[in-house]
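A quick write-up on the structure given underneath.
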2 protein chains.
Amino acid sequence: MPILQPSSLHRTPKALDYGTYGLCTRVHKNARSTAVRARAGLRNSPLPGESRGAGAPAWRVSTRTVEPVKSRVTAQHVADRAGVSRSAVSRCFGDGQVSDDTRKRIETAAEELGYRPNAIARSLTGRSTGLVALLVAEMDNPHVDIVLKKLLLAIAEADKRALVIPETPRQDVTESTMHALDYQVDAIVVVGGTVSDRVVGQLRALDTPVFQFGRQLAGLGGVACDSHLGGLLGGQFLIRSGRTRIAYVTKTSSTDSNQRRRAGLAAALGAAGLPLLEELSEDNSFEGGYNAATRLFARLERPDALFCFNDMFALGALQAASAFRLRVPEDVAILGFDDIPMAAWPAFALSTLRPNLDAQIARLMAMIAEVCDGAPPRRTVDLVVPELVIRRTAC
Amino acid sequence: MPILQPSSLHRTPKALDYGTYGLCTRVHKNARSTAVRARAGLRNSPLPGESRGAGAPAWRVSTRTVEPVKSRVTAQHVADRAGVSRSAVSRCFGDGQVSDDTRKRIETAAEELGYRPNAIARSLTGRSTGLVALLVAEMDNPHVDIVLKKLLLAIAEADKRALVIPETPRQDVTESTMHALDYQVDAIVVVGGTVSDRVVGQLRALDTPVFQFGRQLAGLGGVACDSHLGGLLGGQFLIRSGRTRIAYVTKTSSTDSNQRRRAGLAAALGAAGLPLLEELSEDNSFEGGYNAATRLFARLERPDALFCFNDMFALGALQAASAFRLRVPEDVAILGFDDIPMAAWPAFALSTLRPNLDAQIARLMAMIAEVCDGAPPRRTVDLVVPELVIRRTAC
DNA sequence: CTGAAAGCGCTTACAG
DNA sequence: CTGAAAGCGCTTACAG
């Protein structure tokens with residue numbers, strides 16, 4: 001056995017740990033209270049890692065100075081040093097009542113020892129874990145990237161921790177969810193629209209609150225952009241700008257949001273007595289948008305406006321227009337959805353619908369806060385109104 | 001008190017829980033062993049949520065059928081139902097020795113009850129938590145997005161869970177790290193180059209293994225793209241293609257990788273006896289690249305090649321070239337770094353250096369697996385050779 | 001306000 | 001192989 005180093009300590013077998021470092025081994029449960037320890041002469045015990053109690057420090061086997069161990073400082077260490085009970089330390093770091101004097105001594109001791117309550121142990125007692133699971137399904141969608149990023153930030157700001165569980169080729173979302181539940185998360189957020197209804201149904205049966213982000217499944221609480229309204233607003237805008245042959249570039253995997261956007265557009269067109277042209281993007285990406293737009297532009301009666309399911313499609317369509325030497329927006333207007341950062345780049349200046357993510361996330365965090373406070377989880381979806389962002393490609 | 005529902009159960013106060021549902025209240029610790037329970041007539045106890053033991057089911061206060069409670073099934077429930085001890089159940093789900101017969105009965109009982117070991121409780125005993133903390137500093141960098149996404153996938157594939165801790169405006173990385181440590185994570189990965197050396201120094205003092213991704217700080221284990229080699233390869237390539245006035249578009253926040261890329265380029269240019277032009281991007285984005293390139297193109301002696309710190313800069317530079325009506329690559333070659341997905345888009349066809357992320361992540365995951373197996377954490381950085389991807393903008 | 005005790009759900013020597 | 005017991009680090013009624 002080489003000389004023990006702080007960094008190797010925490011993986012040393014338990015018994016050796018105690019033996020080598022001479023930490024007090026408990027005789028029996030709860031025998032480690034202040035009174036008992038005081039009787040044994042352990043009051044105001046030294047820093048963990050230093051010798052404690054009577055007898056030669058067994059661990060000082062070499063002349064090398066062993067630095068104080070940084071972690072594994074428990075509430076008991078702090079209690080010993082402050083001359084109080086473990087309960088007092090717990091109350092001090094929790095929301096219990098502690099006298100000013102006690103608090104001060106505990107805080108000093110904790111500071112000196114570098115104590116931080118073990119979140120894992122803390123949550124075992126039935127309190128919340130402070131963990132929010134993010135189930136992310138569409139990892140290839142840049143808009144989901146942004147949503148994920150913003151959610152991570154919001155969760156950190158809310159002083160919670162995000163457990164991110166992606167849908168992998170090997171594991172579907174159901175299995176992933178079960179993994180999340182193993183950690184007793186306070187809430188689960190399903191991000192991305194591709195999770196199947198069957199899976200969401202299973203989720204709903206759990207006793208952990210589940211929320212959906214970006215979809216509108218009945219009976220499950222969450223937030224979403226009002227996709228129908230977005231489709232309607234976009235359609236009306238294109239109609240007002242004089243377009244008459246409006247095509248919708250739709251997605252292969254027919255998600256909730258896609259259907260709603262299309263329905264909103266169809267409503268606007270129907271009201272104006274205009275037909276709804278349509279083209280399917282076989283691939284959920286820039287490439288797919290490019291190909292779909294290419295097919296549209298090759299039609300005998302070319303559309304004069306493309307309303308794309310999302311910005312990536314729209315950027316692909318923009319590229320296709322350029323390949324056809326079509327002027328945008330003169331020959332063809334192109335409208336996206338999502339307002340990804342790229343949409344604002346001067347190279348594209350894409351007109352689009354902005355889902356107002358910050359508002360959505362604020363609502364979601366409020367819902368999470370509610371269930372953390374003990375309220376039953378919401379069963380309704382808050383819809384957030386999207387905003388029409390007019391840039392160059394449609395105006 | 002309204003009728004109890006499964007979904008409200010887990011937030012009901014503990015005592016009420018037991019009382020209302022008639023679950024066995026422990027008389028004293030460890031008195032709940034099979035033998036004791038058998039004596040009390042509790043062997044092969046029913047599903048949790050159903051009545052257990054003798055006496056009228058106290059919870060059946062309404063005619064409404066209460067469905068079996070889905071969670072809060074503990075090892076004890078399974079043990080009772082299978083007629084074995086809690087230890088046996090633990091061994092069955094851990095890596096202990098169990099006879100075939102016992103295993104079968106436990107698995108059946110677990111299946112029927114929907115039991116899953118509580119990861120939180122499990123990790124308290126000193127085993128690993130299965131949690132890997134990802135400290136993400138540069139949340140605005142699309143390349144970091146991709147790294148994060150790939151890391152999430154890799155961690156899930158390795159059957160671990162990712163605790164993502166972003167650097168927020170409110171919390172710096174040190175504080176975030178402390179939060180991560182509260183959860184006893186198995187390892188911490190610092191993603192992104194902007195974490196200050198001071199902070200990384202503090203991290204190193206912890207007893208939780210820390211790895212760096214994408215930077216090369218001495219003494220701290222991790223993986224990174226060989227930025228110096230990348231700079232050298234890119235420089236040599238531009239020189240071979242006949243460029244003589246080569247400019248480096250550099251970053252304001254002077255990270256490790258930036259300095260190394262620049263040094264590699266400088267080495268290549270020095271060997272060829274060529275000068276190193278330089279321009280600073282004030283903003284770490286497309287916009288910044290655009291502006292820096294604009295200043296370069298406005299110089300009296302315009303550079304004939306731009307080597308950009310990253311692809312975003314290069315895309316901005318591309319846009320600037322178009323604004324100056326410069327032909328790419330005839331008038332000016334543009335070379336990026338990172339090979340973000342957009343670089344491959346036909347609209348850009350950006351030549352760039354690909355960091356070989358998959359190789360980096362595979363190495364990192366191997367390092368993490370090592371420390372999970374009890375090995376001391378590596379203190380060296382594995383460098384992965386970047387690959388020159390030649391598309392249209394430099395060839 | 002404070003401490004002793006019991007408990008959270010698990011694992012792991014220990015002794016058969 | 002198996003069970004009884006002790007323990008992980010915390011919290012929370014309970015009784016002063």
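We name chains A, B, ... by the order of the sequence lines, and we start the count at 1 in each one. Values reported hereafter were calculated over all heavy atoms of this structure, with side chains retained and with hydrogens, waters and symmetry mates removed.
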Partners meeting salt bridge (charged side-chain N to carboxylate O under 4.0 Å, His left out) with Asp101(A) (sequence neighbours left out): Arg105(A)
Touch class at under 4.0 angstrom, heavy-atom based, for Val98(A) against every strand present: sugar-phosphate
First encountered from the 5' end of DNA chain D, between Ala121(A) and Arg91(A): Ala121(A)
Closest-nucleotide 5' rank along DNA chain D - winner of Phe93(A) and Thr102(B): Thr102(B)
Could you state the [atom1]-[atom2] distance from [X] to [N], rounded to the nearest angstrom?
X: Arg86(B); N: dA6(D); atom1: CZ; atom2: P; value: 12 Å
X: Gln76(A); N: dC10(D); atom1: CD; atom2: P; value: 10 Å
X: Asp95(B); N: dC10(C); atom1: CG; atom2: P; value: 16 Å
X: Arg103(A); N: dC1(C); atom1: CZ; atom2: C1'; value: 12 Å
X: Asn118(B); N: dC8(C); atom1: CG; atom2: P; value: 12 Å
X: His77(A); N: dC10(D); atom1: NE2; atom2: C1'; value: 14 Å
X: Asp100(B); N: dC1(D); atom1: CG; atom2: P; value: 9 Å
X: Leu124(A); N: dT11(D); atom1: CG; atom2: P; value: 11 Å

Close side-chain approach of [X] to [Y], heavy-atom, < 4.5 Å:
X: Arg103(B); Y: Ile106(B); answer: no
X: Leu152(A); Y: Val164(A); answer: yes
X: Ile155(A); Y: Ile368(A); answer: no

Nucleotide pairing, DNA chain C (Watson-Crick or G-U, distances under 3.5 Å), in dot-bracket with [ ] and |: |||.||||||||.|||
Output yes when a side-chain donor or acceptor of [X] lies under 3.5 Å from a complementary backbone atom of [Y], and no otherwise.
X: Asn118(B); Y: Ile120(B); answer: yes
X: Arg161(B); Y: Asp159(B); answer: yes
X: Ser123(A); Y: Ala119(A); answer: yes

So, is [X] close to the [N] phosphate, meaning a side-chain N or O under 4.0 Å from OP1 or OP2?
X: Ser99(A); N: dC1(C); value: no
X: Thr74(A); N: dG9(D); value: no
X: Tyr115(A); N: dC10(D); value: yes
X: Thr125(A); N: dT11(D); value: no

C1' atoms of dG16(D) and dT12(D), separation to the nearest Å: 16 Å
Position toward the 5' end of DNA chain C (nearest nucleotide), Gln97(A) or Ser87(A): Gln97(A)
